[in-house]
Amino acid sequence: MAGIELLSDQGYRVDGRKPNELRKIQARMGVFSQADGSAYIEQGNTKALAVVYGPHEIRGSRSKSQHDRAIINCQYSMATFSTGERKRRPHGDRKSSEMTLHLKQTFEAAILTQLYPRSQIDIYVQILQADGGNYSACVNAATLAVVDAGIPLRDYVCACSAGFVEDTPLVDLSHLEESAGGTQLSLAVLPKAEHLALIEMDSRLHQDHLESMMDAATQACKDLYAVLDRVVRDHLQEVTTSIGE
Amino acid sequence: MTMTSLQETDVLSSVQPITVHVITIGRLASEACAVNMSPWKVCVPGERLCSTEVCKAGSGTYIRHSFIFASLAGYVVKKNEGEELPVISVARETEAQLLPDVNAIVTCKVTSINSRFAKVHILYVGSTPLKNKFRGTIRKEDVRATEKDKVEIYKCFRPGDIVLAKVISLGDVQSNYLLTTAENELGVVVAHSEAGVQMVPISWCEMQCPRTHAKEFRKVARVQPEYLMP
């Protein structure tokens, strides 16, 4: 390992977390009024903003339309100021296109698209500050935004990343831990039914370790679910009291 | 090192009350449900509501493994509609986006006409306004039920007319919503004459301008009396 010690002898990570500990999460729903649904989430220093429009008539080429379900259109972008070095293109590069595709797959698994044939649902996500776990922050923000928009979901989608250092799985990797170059696993689950919406792993890992890493990531997604659930319930309560019921 | 420990306690203090809170909400909700204290039970997507043997699934829910689950965040509403099983559905503060469905009566505005069809924007489904407009088409053969081959579009609709129509199909790859006005109750309800005055219907196929008394052809709808404003 190149110099930096990701897990100390006492079992703490560089930022002082335990291996299975998430970063602090703060989230808000309904941050924009002009969008059908919107949400903002902070996971540690990673900040993401998601807006949802639709379902509406298909824009662009009509040949994309599906006669039995809605199509989901995603766009992932990173603000030019989100990284240490200023980015040239906020979206459209290789990495963003891949992320866009992943988001699309994740939400096609979760949204009940068959209820809206021949229409389109737009999900736009932007990373305002990138500090590791961009995919998971985007998925979590987009879930809250979709719930806010009132689009029917099978279940929340919770996403979390995991790494593997010194025979220990680490969850919710920060930028420092990601850039150390170890294995990284991104997992999106529907936590109630424990269905996998997306799983992605880059670089190699011994087969024996995969299960422990998956278990750690799944548990982290469930912890995240508790936090998202609280945010949604608080938001519902807030909306009700403001209306005066 | 002080910073690290600070962050750690921060994370811990933020996580612990959350779990406690969730448990209390869950317990309160189930208690309220058990003694039927409050009709408002909050639910979130993916929450199991009940078995299909107890209730029928309404809007905002879906069925999996013979259980009813919520698909929206909102309030659980149980309604007994005279059938054996009550219908369980999830209500929200703001109505979710509605889409024109087959057989729905829609209110639309004519945007352009040609000899084969009239293009319209769908503005209302039933009595619910749509947030964004959907495009639809009324083909020549769907304008009226009789003498279909003698229909001339320009004698039935003009751009700007407000038309009541029924959705017959969601359309295919090339076309959008297909609408029909082939019923006495469907057709033009509001039209303006060349003088810019709203016209009055004088027969099922003619309207007259109250200022110039000029007659214009339209496929006039016989509006049901219960929909007329007093």
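In what follows, chains carry the letters A, B, and so on, assigned in the order in which the sequence lines appear, proteins first and then strands, with residues in each chain numbered from 1.
Contact of A/Ala193 with chain B is made through backbone and side chain together, with heavy-atom distances under 4.5 Å. For A/Val147, the parts lying under 4.5 angstrom from a heavy atom of chain B are both the backbone and the side chain. With a threshold of 4.5 angstrom between heavy atoms, B/Phe69 does not approach chain A through any atom at all. Of the two parts of A/Leu112, only the side chain, counted from C-beta on, holds a non-hydrogen atom closer than 4.5 Å to a non-hydrogen atom of chain B.
Residue A/Ile58 holds its CD1 atom at 10.5 Å from CZ of B/Arg135, rounded to the nearest 0.5 Å. With values rounded to the nearest 0.5 angstrom, A/Glu57 atom CD is found 10.5 Å from B/Leu130 atom CG. Once rounded to the nearest 0.5 Å, the distance linking CZ of B/Arg64 with NE2 of A/His195 reads 5.0 Å.
Between A/Ile151 and B/Leu72, the shortest heavy-atom contact is C-CD2, 3.8 Å. When all heavy atoms of B/Ala73 and A/Val232 are compared, the closest pair comes out as CB-CG1, 3.9 Å. B/Val42 approaches A/Arg233 most closely through the heavy-atom pair O-NH1, 3.8 Å. Nearest heavy-atom pair across A/Leu153 and B/Tyr62 is O-CE2, 3.9 Å. For the residue pair B/Tyr75 and A/Leu236, the shortest heavy atom distance occurs at OH-O, 3.5 Å.
Across B/Cys43, B/Ser59, B/Gly46, B/Gly74, the residue that shares the most heavy-atom pairs under 4.5 angstrom with chain A is B/Gly46.
Annotation for A/Gln34: atom CD counts as buried by contact number, over 12 foreign heavy atoms lying within 6.0 Å.
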